[in-house]
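The analysis underlying the following values was restricted to heavy atoms, covering all of them including side chains, and did not include hydrogens, waters or symmetry mates.
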Amino acid sequence: MKKNSFWWQWLLYLWVGPITALCLPLALLAKLTGGGYNLHTGVLEIWGGWVGNRLNRGIPFLGAVNAITLGHIVAGISPEHLRNSRIHERVHVAQFERWGFLFPLVYLLAGIKARQRGGSLYWDNPYEIEAYTKAAEAKDNHCT
């Protein structure tokens, strides 16, 4: 992932800020219910507690997930799940930085379009394909 200048990074935080701010209470909720949170590479990672249990039980449109990106926040079932999905989720952070607070709508519309073509809202969504592809490439490059 390329390194941005300090001021450019702050503009990206502001561009994505409404989504991040809306989801910040998840950190406190996780902490108060037995989970935790940590800042990792400019992203707030939240795990466990009520948040982790909810992700494990399933969320609307996606079902059960190991982790989900919400602006500059990544919520996961556990620290291990966050570690294992870090590259994939950082691709989603970059997608949020590209589209800003509009990304949830853009993501949903891309999923609907994939579904209309007979595919899956999730697996055939181009934003998921990009994230899975880049994570696989990073894994292949790391193993060679």
Establish whether I73 and W15 are linked, either directly or via other cluster members, by ILVMFWY side-chain heavy-atom contacts under 4.5 Å. yes
Search all heavy atoms of V74 against all heavy atoms of A67 and return the closest pair with its distance. CG1-CB, 4.2 Å
CH2 of W99: more than 12 outside heavy atoms within 6.0 angstrom? no
Would you say T133 and I129 make side-chain contact, with heavy atoms under 4.5 Å? yes
Pairs involving residues 44-53, ordered by first then second residue, that meet salt bridge (Lys or Arg N to Asp or Glu O under 4.0 Å) (sequence neighbours left out): E45-R86, E45-R90
Could you go through E89 and H92, starting from their C-alpha distance and side-chain angles, then the distance that decides it, and tell me whether this counts as side-chain hydrogen bond (donor to acceptor under 3.5 Å, both in side chains)? CA-CA 5 Å; E89 299 304 330; H92 290 314; 4.6 Å; no
Does one hydrophobic cluster hold both L70 and L44, with members joined at side-chain heavy-atom distances below 4.5 Å? yes
Could you see if I87 belongs to whatever hydrophobic cluster contains Y122? Use Ile, Leu, Val, Met, Phe, Trp, Tyr and a side-chain cutoff under 4.5 Å. no
Are any of the side-chain heavy atoms of I68 and L55 separated by less than 4.5 Å? yes
Rounded to the nearest 0.5 Å, what separation is found between the CZ atom of F103 and the CD atom of Q95? 4.0 Å
With sequence neighbours left out, which residue pairs that include part of residues 100-112 fulfil the side chain to side chain donor-acceptor pair (under 3.5 Å) condition? Y107-E128
Side chain to side chain contact (heavy atoms under 4.5 Å, CB included) involving P79 - partner list, sequence neighbours excluded: W47, R83
Atom pairs and distances, donor-acceptor, side-chain atoms in residues 18-38, under 3.5 Å, two or more places apart:
unit_1 : atom_1 : unit_2 : atom_2 : d
T20    : OG1    : H72    : N      : 2.9
T33    : OG1    : L29    : O      : 2.7
T33    : OG1    : A30    : O      : 3.3
T33    : OG1    : W50    : N      : 2.8

Within the side chain of N53, is there an N or O that forms a donor-acceptor pair under 3.5 Å with the backbone of G49? yes
Taking atom CD of E80 as the centre, report whether more than 12 heavy atoms of other residues, nucleotides or ligands fall under 6.0 Å from it. no
Considering only residues two or more places apart or on different chains, which pairs with a residue in residues 95-124 satisfy salt bridge (Lys or Arg N to Asp or Glu O under 4.0 Å)? R98-E130
Aromatic contact, F96 with F101 (centres under 6.0 Å): no
Return a table of donor-acceptor pairs under 3.5 angstrom between the side chains of residues 58-65 and protein atoms on other chains or two or more places apart.
none

For Y132, which residues count as a ring pair (Phe, Tyr, Trp, His ring centres under 6.0 Å) partner, sequence neighbours excluded? H88, W123
Test log, rule side chain to side chain contact (heavy atoms under 4.5 Å, CB included), inputs N66 and N84: CA-CA 9 Å; N66 291 325; N84 292 339; over 6 Å; no
Residue pair A114 / S120: nearest heavy atoms and the distance that separates them: CB-O, 3.7 Å
Quick check: do N125 and L121 have side-chain heavy atoms less than 4.5 Å from each other? no
If you group Ile, Leu, Val, Met, Phe, Trp and Tyr whenever their side-chain heavy atoms sit less than 4.5 Å apart, what else falls in with Y13? F6, W7, W10
